[in-house]
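First comes the structure, then the notes that go with it.
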Amino acid sequence: MKRGDRRDVVRGGGVVALLAARGARTHRRAWAAVFAAQALGSLLLGTLGLAAGSAALGHARVERYAGADAVVAGTQSTRYTAKPWGSEARTVRAGLTERVRVPARALDVVRQVPGVRAVIADVAFPVTVRGSAATGRPWEATRLTSAPARLLEGRPPGGAREIVVGEGVARAGDRLSIAYGTGSATDTHTYTVTGVSADARRTVHFSRDEARRLAGRAGELDAIGVLADSGVPDDVLRTRVRHALDAAHLRDVSAPHRAADDPARLRVLTGDARGEAEFLAAAPARMPLLQVLASLASVVVLVGVLVVTSTVAQALRQRARELALLRAVGATPWQLRRAVGREVGRIAVLAAVVGAVGAVPAYLALRALLVGRGAVPEGLELPFPPWLAAAPLGTAGLMVLIAWLTALGCCARAARTRPAEALREEVPGSARQLTGCVLLGLGAASAGAGALQHGAAAAAAASASALTMVIGCALLGPWLARGAMRVLGAPMRRLGVGGRLAASACTANAARLGAAITPVVLVTAFVLVQLAGGATLGHEAAAQARAAARADVAVSGPGVPYDAVERIRRLPGVAAATAVARGTVVVPGKELGEPSLERLPVLGVTPRSLARTLDPAVREGSTDGLRPGTVAVGTDRARTLGVRPGDHVQLRFGDGAEARLRVVATYERALALGDFLFSYEELTRHMTAPPPVRVLAALAPGASPTSLSTAFPGARVDRDPVPERVRAEDQALGDVLTAVAVTAIGGFTVIAVLSTLTLISVGRGPELRQLRLAGADRRRLRRMLLLESAATATAGLSLGTATAALPLLAFALSAAGRLPWLPPGQGALIVAVVVLTTASATLLPARGALRGRYPVATR
């Protein structure tokens, strides 16, 4: 006994500690794969845990109202109450991305609250200064910032025609032409610059009365900033203002247009919540971010469990005879379980701690990636307090528990078997085979149910189907491997001596190869579902956008007035013109019996000659009837809602206003143009501010777009306009996190395949040396190993593709009306990773047996 072993016996409790210490040292190669899988799982789960914790603590950044003690704002959410099947009524909420305004008479109510020193009304509106877009605000609102604007020269605006601009725009005493409001030619006035401030260059400050007039909404304010007397706590101030508003029966300006179950109560915001009155998209983005992170974490947990259990099981399966021999010589079941548990525990704890430590920099990199790709909306703060850094320790504990339970389960047979029977080979039972077949059937049923769903429900059904079928394939691994090797054995035998050797080896080792094929099936199925699902929708949406694009030019930019579409139509050579605006609506309904609020991107268009500039492929009715009070609906959405032209649909606009609209048409190109088409006037009147104008124009044959450039100096005229295509608000977030999920699954799979095939190849060392002694040269053996790895990769890729085909087909036909599609480069990358992994895991461990002229026995 070595000195280190003797020390372990004394310190660790005798035989158990000795067995664990010797096992960990002797089987380093097997435990290396377990260590890698554990560390990767702990790293990924810790990273996602940090991301979820940061998102849960997230809030809108406080900038414009950082100097206010409280802010009175409208309710930036809508709610819907419905009764699910066989349950009590439930209420769901969704954020609103268009500003809900405050009645101006709330100023007098808040001003009378005890402890309030001052109240300041704030409004914001778009203006154009020297061809550049800017924001207009009242000068007094600068008191609400943490550092009130400092004048570099001049004085604040006092009269109706006086302004303060940012540094570098103009000098005090200059006169500037400002376009504002609706943007028509009559809405341009000349103002005198009375001061230059150190504030942002894209902000123009007006006098209080002039700012309210230019905002164009009489009696309505964006928000009210409240300054409190010294010593008044925030919670006391919030309570007092809340009671005063309720006593005055004040609600936000959207109240008359809201649904009956959607109250429009004014909010009183303090602390970090004050930023919600400025960055409207920040708060609604938190819940989708948490949902996507939770979905990704569940996938990582499931894949991680499959891979960790696979690597631990494979590591212990290689030692099955060793464990059986220990039972045969008298080791008790308790000693065997404790030894294996301690051995796995040492590896798992160390790996989990390494992964937990790496989770902090990994999360910081993920957050930088999300911000850099625009997946996090402007103004959303994701805090990272020091105490949150301890969160990965919890996920590390989860990974250790998984590995420990797996180890106990894998050695259960050897522990409970009688010593005289412990050396028998274990044969997979019929219960495992039956369970695998049942799971495959359930996966097929889930795919069939997904074909009848729409949107998120169809995607969820496809993911559930793929997961269920992958687990079924894992249980059926030995039988699937045996069948695949029989199919592949016939063509391999025609490839000479190496082919015949490979076919014989694959058939003999089919049960073991099943453990290697399973992770290949897993990665192929999961990655195909994740990548091909989104790629199919994107490919079809791009095709529809190209087919819908009929305009020859597009006119856009701050130099384009809001009545440009009528002026463009009158220009010589212009055959048709359409103004386009982008917005959102919220559709109440039920998904799988549960109430839901679905926020959708939509377009508003001027309907006159629409098909000549933007053809939605009308199926029934006509878009010529688009006007306030009407809507056109995509065919899939119309089928889901059960409506046709002449029927009515009920939905909510981005400002929370509910509308019952008459359907005038159904159209086919909804993936590109959105599920609803509104008239330009209908959609824009529910928006925070008039959107930047974009006009699509079709030219008469032989006409030149030169007249458009001269009619709107400073405007951008695109002669080959980008096709119009709506995109979901969380699409960038989904793209980034899908890439993370695919990378994680790929990493797990590489570890699982490398470990499994490496252990199989190491165990085949004596077999390869015997073949060398029997006369097989290195070239033939290398050819045999290459063919074996090719058979493993082919079987795994084929089974994985077949597993993903059914859910993908159901999803693609339901959501896109076409067959699944995957970019060829991504498909080639999947194949390359699998082939290189299987080849390296098969060839590299066999180098010792192939080295030299004659094989040398190794210990």
Side-chain angles (χ1 to χ4, degrees), residues 36-37 39-48 51-52 289 291-308 310 355 359 362-363 365-370 372-373 375 459-460 462-467 469-471 473-474 518-539 728 730-754 793 796-797 799-801 803-805 807-808 811-812 820-838:
L40 179 59
S42 179
L43 172 69
L44 290 171
L45 284 182
T47 302
L48 294 176
L289 177 59
Q291 291 173 345
V292 174
L293 287 173
S295 176
L296 178 58
S298 65
V299 171
V300 170
V301 168
L302 291 172
V303 176
V305 168
L306 287 174
V307 172
V308 169
S310 173
Y363 161 69
L366 175 62
R367 185 169 69 173
L369 179 63
L370 291 172
R373 294 294 181 90
S463 298
S465 172
L467 174 62
M469 296 182 75
V470 164
I471 297 175
C473 288
T518 297
V520 178
V521 173
L522 183 148
V523 71
T524 305
F526 266 117
V527 171
L528 281 178
V529 170
Q530 293 290 332
L531 293 181
T536 301
L537 292 179
H539 186 68
D730 58 351
Q731 181 172 334
L733 173 66
D735 291 343
V736 172
L737 293 184
T738 295
V740 172
V742 169
T743 304
I745 294 171
F748 274 128
T749 303
V750 168
I751 292 173
V753 175
L754 280 174
L797 289 170
L799 290 172
T801 303
T803 302
L808 265 180
F811 172 74
W821 182 85
L822 183 71
Q826 295 181 3
L829 181 61
I830 295 173
V831 174
V833 169
V834 170
V835 169
L836 291 177
T837 302
T838 53

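Just so it is clear, the structure is predicted and the values come from calculations on it, not from any experiment.
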Flag the pair V520 / L799 as yes when at least one side-chain heavy-atom distance between them is below 4.5 Å, and no otherwise. no
For A535, which residues count as a side-chain contact (heavy atoms from CB on, under 4.5 Å) partner, sequence neighbours excluded? W821, P823
Closest non-hydrogen atoms of L40 and A744, given as atom of the first, atom of the second and distance, are CD2-O, 4.4 Å
If you measure from CG on L737 to CG on L369, what distance do you get to the nearest 0.5 Å? 8.5 Å
Minimum heavy-atom distance T524-G796, with the two atoms named: OG1-O, 4.1 Å
So which heavy atom on T838 is nearest to which on V835, and how close? OG1-O, 3.0 Å
So, for A362 and T47, which heavy atoms are closest and what is the spacing to 0.1 Å? CB-OG1, 3.3 Å
From L48 CG over to L43 CG, what is the distance, rounded to the nearest 0.5 angstrom? 9.0 Å
Which residues satisfy the side-chain contact (heavy atoms from CB on, under 4.5 Å) test with A805, sequence neighbours excluded? none
Roughly how far, to the nearest 0.5 Å, is CG of L293 from CG of L366? 7.5 Å
Partner set under side-chain contact (heavy atoms from CB on, under 4.5 Å) for A804, not counting sequence neighbours: A525, L528, V529, L808
Among all residues two or more places apart in sequence or in another chain, which pass the side-chain contact (heavy atoms from CB on, under 4.5 Å) test with V742? V527, Q530, L531, T738
